[in-house]
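Below, read A as the first sequence line, B as the second, and so on, with proteins coming before strands; counting in each chain starts at 1. What's counted below: heavy atoms across the whole structure, side chains too, no hydrogens, waters or symmetry copies.
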Amino acid sequence: MATPLIAWFRQEARDLPWRRPGFPAWGTLVSEIMLQQTQVARVVPRLEAWLTRWPTPADLAASPPADAVRAWDRLGYPRRALALHAAASAIAEQHDNVVPRNVDALLALPGIGDYTARAVAVFAYGDRHPVVDVNVRRVLARALLGQGEPGPAKAKQDLPLMESVLPADRDDAAATNAAVMELGALVCVARSPACDACPIADRCAWRAAGYPEHDGPRAPKQSKFAGSDRQVRGLVMAELRASDVPVTRSEIEPVWPDAEQLDRALASLLRDGLAVGDDASGYRLPDG
DNA sequence: CTCCAGCGCA
DNA sequence: TGCGCCGGAG
């Protein structure tokens with residue numbers, strides 16, 4: 001299955017910044033964090049600006065976390081910006097400003113889990129590991145398991161399954177990882193897969209079975225955004241990002257009518273370290 | 001409405 | 001293991 005996938009990838013892969021020759025490992029790390037639950041099209045411009053401003057981890061570590069949160073802009077899940085700043089500090093101080101190559105060392109960094117650790121080791125350093133994201137899980141569920149959609153994520157099963165598909169050769173393994181992800185993003189998409197354009201359609205278990213409806217357990221549906229604490233947090237963060245001076249409680253209140261929910265959101269932002277301050281001194285992004 | 005190169009916590 | 005966490009495009 002790897003051979004036709006690699007051939008297809010050589011032909012059809014999108015021209016993306018992190019696939020440029022010579023793209024630094026630090027850039028790969030930043031891009032992977034930004035791409036967690038955020039689409040490629042929204043990431044690319046933020047990534048370019050980020051790397052221009054902070055070409056190495058130490059450059060980011062030398063700036064206050066507030067600058068990282070502002071540069072993150074509206075990519076969403078701003079805890080990622082805070083984690084990336086903390087990871088940059090750890091890399092600068094404990095790894096001689098070199099992004100780790102070892103998966104366990106990567107996993108020890110904040111904001112880096114099973115997916116991102118292996119993605120950096122594979123795409124930045126060319127090592128041989130299974131890289132499993134939602135695209136990979138969907139492609140494997142269909143091609144290998146004959147199921148229309150991937151069930152709830154199970155790293156214990158997903159990683160060995162992808163591993164079983166990887167060629168022995170390091171470079172071929174890395175290309176296969178990238179190819180399966182790209183196939184899931186461009187062809188084997190969630191809603192209406194373009195099986196006519198699929199390089200492995202002739203050996204897809206789901207297609208061979210006549211596209212049966214998914215029966216097993218489903219991935220949990222994500223909760224509503226409208227009216228959620230997440231929405232309120234986002235509105236408060238927008239206020240904090242926009243101000244160079246502490247924002248008073250009365251300046252924050254207009255963003256949301258429910259005072260109790262606003263309190264809850266603000267408290268959670270303080271708990272996450274995304275905001276600092278109090279009613280007396282006002283609230284601001286973390287500067288230390 | 002759903003989906004998106006997930007992570008970290010209880 | 002389930003859930004909360006952002007925001008924009010289709």
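Residue order along DNA chain B, read from the 5' end via each residue's closest nucleotide, puts A/Q39 first among A/Q39 and A/A117. Comparing A/A226 and A/Q36 against DNA chain B, the residue whose closest nucleotide sits nearer the 5' end is A/A226.
Residue-level contact check: A/R137 touches neither bases nor backbone, having no heavy atom under 4.0 Å from any strand. Using a 4.0 Å heavy-atom cutoff across all strands shown, A/D272 reaches no nucleic acid atom at all. In this structure, A/K156 reaches neither bases nor backbone, as no heavy-atom distance under 4.0 Å exists between it and the strands shown. Looking at heavy-atom distances under 4.0 Å, A/V134 makes contact with sugar-phosphate atoms alone, never a base. The residue A/S268 sits apart from the nucleic acid: no heavy atom pair falls under 4.0 Å. Residue-level contact check: A/P110 touches the backbone only, with heavy atoms under 4.0 Å from sugar-phosphate atoms and none from bases. As judged by a 4.0 angstrom heavy-atom cut-off over every strand, A/R264 is placed among residues making no nucleic acid contact.
Judged by distance alone, with hydrogens and angles left aside, A/Q37 brings no side-chain donor or acceptor close enough to the base of C/dG8 to form a pair under 3.5 Å.
One finds no side-chain N or O of A/K221 lying less than 4.0 angstrom from the OP1 or OP2 phosphate oxygen of B/dC1.
Here the side chain of A/D133 is nearest to one of C/dG7, B/dG6, C/dG4, namely B/dG6. For A/Q222, taking side-chain heavy atoms from C-beta onward, the closest of the listed nucleotides C/dG8, B/dC4, C/dT1 is B/dC4.
Of the residues in residues 69-94 of chain A, those placing a heavy atom less than 4.0 Å from an atom of DNA chain C are A/R74, A/L75, A/G76, A/Y77, A/P78, A/R79, in numerical order.
Listed by first and then second residue, the salt bridge (Lys or Arg N to Asp or Glu O under 4.0 Å) pairs that reach into residues 235-262 of chain A are A/R249-A/E253, A/R249-A/D263, sequence neighbours excluded.
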